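From a predicted model like this one, the values you see are computed outputs, not experimental measurements. Residue numbers run from 1 in the order of the sequence given.
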Amino acid sequence: MITTFSDPFLRLTERHSAWGAEQLETFNEFIPMGEWSADLGQCLYRQSGRELRISLLGTFDTDDQSWLWAWANPGFEGSPVVEAAGKARRYGQEHGLPEFTNELIHLAGHEDPRRAAETLAFTAMGVLGAAGYIGVQANPSARAYMVPDDPQVPRAEPNAITLPRVLMSGAALLGGSAREVVDGYFAHHELPRRAGADRISAGLPDGGTVDVLFDDLDRIASVHVNTGSPSAV
């Protein structure tokens, strides 16, 4: 895969991949498909009768295959709607990530530039701890990406039944370090965890535990979930 993203940025994406995919499922179930509109001056987004407070992350120009961060757009300078993008920029400055600090990100070198734009939005969602992200076709040559900033959006919680699938799917998104994916998931949910040479274990909200074992290639070998029920085997 051709990519121009830096290694630190890709490692950051890994840490958010399982949690982010899980949270996006919850967000997409919450907001129904349908017609949308946005009032960026009021930081509002509406879709199928549901209204959310949002913040604009950036725009993807489908003609020249580039991403412009909202904080760098002169049309929104100083506006509350770019607050989340500004937080992502500060994170990038603190951690040396050009993907978050360069005003314009050229994506033509990627195998799939639109997917690269989605990755920028996805990773920003993870850094911000946002409850999802929205990508819409703003005009024939531009897509706008936003994150919700609204308490009515539900938050995904670790589920003993779906947890193995969530972790395995998250690890498969980039195919890099599964350990980073798993540790990032537990960190997002603030689960007590401990790491060993070949595993990461964590406590679950229901009182159960999960043990994730890794093989020599840093892939997930198995996920063992022990529920909090006294009758569980």
Side-chain angles (χ1 to χ4, degrees), residues 1-24 55-74 76-77 82-135 142-147 166-189 195 200 212 214-220:
M1 177 178 176
I2 299 173
T3 177
T4 55
F5 286 146
S6 66
D7 287 341
F9 179 81
L10 291 175
R11 289 196 296 270
L12 180 64
T13 304
E14 284 177 343
R15 285 194 63 80
H16 299 302
S17 60
W19 171 84
E22 176 188 58
Q23 182 57 42
L24 279 174
S55 190
L56 180 66
L57 284 177
T59 52
F60 174 57
D61 189 314
T62 56
D63 287 340
D64 67 9
Q65 308 288 288
S66 65
W67 170 282
L68 177 67
W69 283 104
W71 53 262
N73 190 323
F76 299 113
E77 185 176 2
V82 303
E83 180 179 350
K87 289 180 179 179
R89 182 190 188 189
R90 289 191 291 275
Y91 182 95
Q93 291 169 335
E94 293 168 0
H95 295 83
L97 296 167
E99 289 84 358
F100 285 163
T101 57
N102 290 350
E103 295 183 1
L104 192 68
I105 311 296
H106 297 286
L107 301 175
H110 292 251
E111 182 179 352
D112 185 341
R114 175 168 166 176
R115 182 178 179 182
E118 300 280 340
T119 300
L120 285 169
F122 178 85
T123 308
M125 166 192 161
V127 164
L128 297 166
Y133 78 84
I134 302 164
R143 290 183 61 78
Y145 288 87
M146 297 160 276
V147 287
V166 167
L167 295 178
M168 297 289 285
S169 298
L173 281 179
L174 291 181
S177 171
R179 183 179 288 268
E180 284 295 306
V181 171
V182 172
D183 190 64
Y185 178 87
F186 293 155
H188 260 291
H189 286 294
I200 298 178
V212 184
F214 304 95
D215 63 19
D216 293 338
L217 298 177
D218 197 26
R219 299 172 302 193
I220 295 177

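Taking the side chain as every heavy atom from C-beta outward, Thr123 and Glu99 never approach each other to under 4.5 Å. With contacts defined as side-chain heavy-atom distances shorter than 4.5 Å, the pair Asp61/Leu68 does not qualify. Side-chain contact between Tyr133 and Gln23: absent, with no pair of heavy atoms (C-beta onward) separated by less than 4.5 Å. Residues Thr4 and His106 are not in side-chain contact: their nearest non-hydrogen atoms beyond the backbone lie 4.5 Å or more apart. When side chains are defined from C-beta on, Phe60 does not count as touching Glu118, because their heavy atoms never get closer than 4.5 Å.
Listed here is the closest heavy atom pair of Val147 and Gly132: CG1-O, 3.5 Å. When all heavy atoms of Gly20 and Met125 are compared, the pair lying nearest together is O-CE, 3.6 Å. The two atoms that bring Ala142 and Thr62 nearest to each other are N-OG1, 4.1 Å, heavy atoms only. Closest approach of Ser55 to Ala85, counting heavy atoms only: OG-N, 4.5 Å. Between Leu56 and Ala144, the closest heavy-atom pair is CD1-CB, 4.3 Å.
To the nearest 0.5 Å, atoms OG1 (Thr119) and CG (Leu174) are separated by 7.0 Å. Atom NE2 of His95 sits about 13.5 Å away from atom CZ of Phe9, to the nearest 0.5 Å. Considering OG1 of Thr101 and OH of Tyr91, their distance stands at 13.0 Å, rounded to 0.5 Å. Between the CZ atom of Arg114 and the CG atom of Leu107 there is a distance of 13.0 Å, given to the nearest 0.5 Å. Note: Leu12 CG to Glu180 CD = 9.5 Å, rounded to the nearest 0.5 Å. Taken from CG in Leu167 to CD1 in Ile200, the straight-line distance is 9.5 Å, to the nearest 0.5 Å.
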Quick one, His188 with Glu22, criterion side chain to side chain contact (heavy atoms under 4.5 Å, CB included). Give me CA distance, side-chain angles, the key distance, then yes/no. CA-CA 11 Å; His188 260 291; Glu22 176 188 58; over 6 Å; no
Between Leu128 and Leu57, is the side chain to side chain contact (heavy atoms under 4.5 Å, CB included) condition met? List the steps.
CA-CA 11 Å; Leu128 297 166; Leu57 284 177; 4.0 Å; yes
### Message
Apply side chain to side chain contact (heavy atoms under 4.5 Å, CB included) to residues His110 and Phe5 and explain how you reach the verdict.
### Response
CA-CA 9 Å; His110 292 251; Phe5 286 146; 3.5 Å; yes
Check: Given Val212 and Phe186, is the side chain to side chain contact (heavy atoms under 4.5 Å, CB included) satisfied, shown in steps?
Finding: CA-CA 11 Å; Val212 184; Phe186 293 155; 4.2 Å; yes
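Checking Ser177 against Asp218 by side-chain atom types alone, a donor-acceptor pair falls below 3.5 Å.
More than 12 heavy atoms of other residues, nucleotides or ligands shown are found within 6.0 angstrom of CG on Asp63.
Note on Lys87 versus Glu83: salt bridge recorded, some NZ/NE/NH1/NH2 to OD/OE distance being below 4.0 Å.
With Glu14 contributing its side chain and Val181 its backbone, the two residues share no donor-acceptor pair below 3.5 Å. A donor-acceptor pair is defined here as one N or O able to donate and one able to accept, closer than 3.5 Å; such a pair exists between the side chain of Ser17 and the backbone of Gly170.
A ring pair (Phe, Tyr, Trp, His ring centres under 6.0 Å) with Phe100 is found for one member of Trp67, Trp69, Trp71 and no other, namely Trp69.
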